Amino acid sequence: MRIVVCVKQVPAINEVSIDPETKRLKREGVESVMNPFDLYALEVALRMREQVGGSVIALSMGPKQAMRTVREAIAVGADSGVLLSDRAVAGSDTWATSYAIASTVRHLGNVDLVICGKQAVDGDTAQVGPGIAAHLRWPQVTYVSHVSAVSNTALTLARMHEEGSTVLEVTLPAVLTVVKGINQPRVPTLVSVLASRGADVPVLSAADIGADPERLGLNGSPTRVVKTGPPPPRAADTVILDGPARDAARRIVHELRMQSLV
Ligand SMILES: Cc1cc2nc3c(=O)[nH]c(=O)nc-3n(C[C@H](O)[C@H](O)[C@H](O)COP(=O)(O)OP(=O)(O)OC[C@H]3O[C@@H](n4cnc5c(N)ncnc54)[C@H](O)[C@@H]3O)c2cc1C
């Protein structure tokens, strides 16, 4: 199976602030890391490769320094990597980003599966995975929390939602987004980190992937950020649960599920 894992370089989360003028994240001079959810996506891909064979390609779109994230994925176990880096993609919203990544997947050719993290911890939209599926016209399964069967033609998966989870089968090619906790990502060894530094990682331009320049960057982005601000503070209500402990425990679990899908 030929699997592409999308890995985004994001600012180390506790250091992010928003530029009041441009309404964009201030990324300059901020330490960057691989989006944490993408480590789980990578681990899913590596385990699938171990089961049915094939290869794992780490794909990132971003400035040249995103090369570090691609190499990190190779150190963890990806067979190869590719970086889409071009001024033409700067300023892309999630739709244009999805188009650019989908075009890169088409350019790579013979891809059976694209796996993304559930969301990026900076942009936080969770739209890019579904957007890639839409551009490729492939089926998608989001919030995947368990992989129970893998073959070269189909996967059996559980997807998480507010009420619990649903088990379903998807035929390939397909796009998945995965949640935290689906697995325990492996850590690279010193040897693999050193080897990843020498890996030959192609840097592709918009022209290389055959993308329409009108569909990239600000030109290709239908959304505009009008205003950003912190969410209103949450009321610190205290709820006292009386009755049998078993019922109280059920209500607590229900509340936690409603408040977070993680
Ligand atoms: C109008 C507008 C203008 C913007 N301008 C800029 C700008 O100038 N510069 C800028 O940096 N950002 C800009 N952004 C933000 C940018 O669109 C998002 O960071 C990007 O589209 C990804 O969205 P997200 O972070 O919400 O990812 P999500 O949809 O939350 O990510 C889900 C998953 O998709 C994959 N993924 C997402 N992005 C990438 C990527 N780049 N490479 C590989 N995999 C990826 C990862 O697997 C990730 O876990 C802009 C956004 C808008 C709306």
Side-chain angles (χ1 to χ4, degrees), residues 3-11 13 16 18-19 21-28 30 32-45 56-73 78 81-105 108 113-136 140-144 175-180 182 185 201 203-204 206 209 211 215-228 261-262:
I3 308 170
V4 167
V5 180
C6 296
V7 291
K8 184 183 183 192
Q9 189 174 58
V10 297
I13 194 65
V16 175
I18 294 173
D19 187 318
E21 292 298 315
T22 63
K23 312 282 189 291
R24 291 181 189 164
L25 295 177
K26 285 190 198 168
R27 294 167 195 267
E28 298 76 26
V30 175
S32 295
V33 295
M34 186 193 297
N35 179 43
F37 289 105
D38 301 348
L39 282 168
Y40 297 94
L42 180 57
E43 182 64 33
V44 168
V56 175
I57 306 165
L59 160 61
S60 194
M61 174 180 130
K64 292 278 161 39
Q65 59 263 32
M67 179 62 87
R68 203 175 121 195
T69 293
V70 179
R71 290 196 190 284
E72 191 183 332
V82 59
L83 174 63
L84 173 63
S85 192
D86 192 318
R87 290 189 70 81
V89 298
S92 294
D93 67 1
T94 56
W95 185 240
T97 300
S98 310
Y99 168 69
I101 292 178
S103 302
T104 312
V105 170
L108 292 170
L113 183 63
V114 175
I115 312 181
C116 297
K118 148 176 114 88
Q119 68 197 79
V121 295
D122 56 351
D124 229 10
T125 66
Q127 291 174 0
V128 170
I132 295 169
H135 284 293
L136 291 171
Q140 58 175 293
V141 185
T142 53
Y143 296 95
V144 173
V175 178
L176 312 182
T177 76
V178 307
V179 299
K180 177 179 147 191
I182 185 171
V201 178
V203 180
L204 301 178
I209 59 169
R215 298 175 70 185
L216 300 170
L218 281 175
N219 283 348
S221 297
T223 48
R224 293 284 174 270
V225 180
V226 177
K227 192 177 168 194
T228 57
L261 282 172
V262 177

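Both ligands and their constituent atoms are indexed starting at 1 by order of listing. Worth saying up front: this structure is predicted, and the values here are computed from it rather than measured.
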Asker: Heavy-atom contacts under 4.0 Å between Val5 and ligand 1: side chain, backbone, both, or neither?
Answerer: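 Neither; no heavy atom under 4.0 Å.
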
Asker: Applying side chain to side chain donor-acceptor pair (under 3.5 Å), which residue pairs with at least one partner in residues 62-71 are found, sequence neighbours left out?
Answerer: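 Qualifying pairs: Gln9-Thr69.
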
Asker: Do Met61 and Thr104 make a side-chain contact, defined as non-hydrogen atoms from C-beta onward lying under 4.5 Å apart?
Answerer: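 Met61 vs Thr104: side chains apart.
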
Asker: Closest heavy-atom contact between Val89 and Ala100?
Answerer: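 Heavy atoms of Val89 and Ala100 come nearest at CG1-CB, 4.4 Å.
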
Asker: For Met61 and ligand 1, does the shortest N/O to N/O distance drop below 3.5 Å?
Answerer: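 Yes.
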
Asker: Which of the atoms in ligand 1, numbered in the order shown and given with their element, are less than 4.0 Å from a heavy-atom of Ala126?
Answerer: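 Contacts of ligand 1 toward Ala126, numbered from 1: 28 (P), 29 (O), 30 (O).
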
Asker: For ligand 1, which atoms have a heavy atom of Gln127 less than 4.0 angstrom away?
Answerer: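 Heavy-atom distances to Gln127 below 4.0 Å select 29 (O).
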
Asker: Give the atom numbers and elements of ligand 1 that come within less than 4.0 Å of a heavy atom of Leu59.
Answerer: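 Numbered from 1, ligand 1 contributes 43 (C).
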
Asker: Which one holds for Val128 and ligand 1: side chain close, backbone close, both close, or neither close, with close meaning a heavy atom under 4.0 Å?
Answerer: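 Both backbone and side chain.
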
Asker: Compare Ala120, Gly131, Ala58, Pro36 and give the one whose heavy atom is closest to atom 28 (P) of ligand 1.
Answerer: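 Comparing heavy atoms across Ala120, Gly131, Ala58, Pro36, the nearest one to atom 28 (P) of ligand 1 lies in Ala120.
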
Asker: Tell me which part of Val10 gets within contact of ligand 1: side chain, backbone, both or neither, using heavy atoms under 4.0 Å.
Answerer: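 The answer is neither.
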
Asker: Got His135 and Arg215 here, is their nearest side-chain heavy-atom distance under 4.5 Å?
Answerer: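 When only atoms from C-beta onward are counted, Arg215 and His135 do touch, with a gap below 4.5 Å.
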
Asker: Closer than 4.0 Å to some heavy atom of Val7 - which atoms of ligand 1 meet that?
Answerer: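 What qualifies from ligand 1 is 42 (N), 43 (C), 44 (N).
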
Asker: Got Cys6 and Ile132 here, is their nearest side-chain heavy-atom distance under 4.5 Å?
Answerer: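 Yes; the side chains approach each other to less than 4.5 Å.
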
Asker: Identify, with sequence neighbours excluded, every residue that meets side-chain contact (heavy atoms from CB on, under 4.5 Å) alongside Ala96.
Answerer: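 Listed in chain order: Ser92, Asp93, Ser221.
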
Asker: Report, in ascending order of atom number, the atoms of ligand 1 lying under 4.0 Å from any heavy atom of Thr94.
Answerer: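 Going through ligand 1 atom by atom, the ones under 4.0 Å from Thr94 are 17 (O), 21 (O), 23 (O).
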
Asker: List the atom of Ala211, the atom of Leu216, and the distance in Å for their closest heavy-atom pair.
Answerer: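 So the two residues come closest at CB-CD1, 3.9 Å.
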
Asker: Could you see which bit of Thr125 sits under 4.0 Å from ligand 1, with heavy atoms only: side chain, backbone, both or neither?
Answerer: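 Both backbone and side chain.
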
Asker: Asn35 heavy atoms, cut-off 4.0 Å: which ligand 1 atoms fall inside?
Answerer: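 Within the 4.0 Å cut-off of Asn35, ligand 1 contributes 48 (C), 49 (O).
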
Asker: Heavy atoms only: which of Pro222, Pro130, Gly91, Ala90 lies closest to atom 6 (C) of ligand 1?
Answerer: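 It is Gly91 whose heavy atom sits nearest to atom 6 (C) of ligand 1.
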
Asker: Val70 and Gly81: which non-hydrogen atoms are nearest, and at how many Å?
Answerer: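 What the structure gives for the nearest pair is CG1-CA, 3.6 Å.
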
Asker: Which heavy atom of Ala66 sits nearest to which heavy atom of Leu83, and what is that distance?
Answerer: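 Shortest heavy-atom contact: CB-CD1, 3.8 Å.
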
Asker: I need the contact type for Asp38 against ligand 1. Using non-hydrogen atoms and a strict under-4.0 Å cut-off, is it side chain, backbone, both or neither?
Answerer: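 Side chain only.
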
Asker: Using a 4.0 Å heavy-atom cut-off, say whether Asp122 meets ligand 1 through its side chain, its backbone, both or neither.
Answerer: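 The answer is the side chain of Asp122.
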
Asker: Taking the side chain as C-beta and beyond, is there a heavy-atom pair between Ile182 and Val44 under 4.5 Å?
Answerer: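 Side chain of Ile182 against side chain of Val44, heavy atoms only: contact under 4.5 Å found.
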
Asker: Of all the heavy atoms in Ser221, does at least one lie under 4.0 Å from an atom in ligand 1?
Answerer: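 No, Ser221 has no heavy atoms under 4.0 Å from ligand 1.
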
Asker: Closest by any non-hydrogen atom to atom 50 (C) of ligand 1: pick that one out of Cys6, Gly123, Ser92.
Answerer: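 Comparing heavy atoms across Cys6, Gly123, Ser92, the nearest one to atom 50 (C) of ligand 1 lies in Ser92.
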
Asker: Any side-chain heavy atom of Val82 sitting closer than 4.5 Å to one from Leu204?
Answerer: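 The answer is yes; the side chains approach within 4.5 Å.
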
Asker: Mind running side-chain contact (heavy atoms from CB on, under 4.5 Å) on Ile115 and Val178 for me, showing each step along the way?
Answerer: CA-CA 7 Å; Ile115 312 181; Val178 307; 3.8 Å; yes

Asker: For ligand 1, which atoms have a heavy atom of Gln119 less than 4.0 angstrom away?
Answerer: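 Selected atoms, number and element: 30 (O), 31 (O), 32 (C), 49 (O).
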
Asker: Numbering the atoms of ligand 1 from 1, which are under 4.0 Å from a heavy atom of Gly117?
Answerer: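 Near Gly117, meaning under 4.0 Å from one of its heavy atoms, ligand 1 has 32 (C), 33 (C), 47 (O), 49 (O).
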
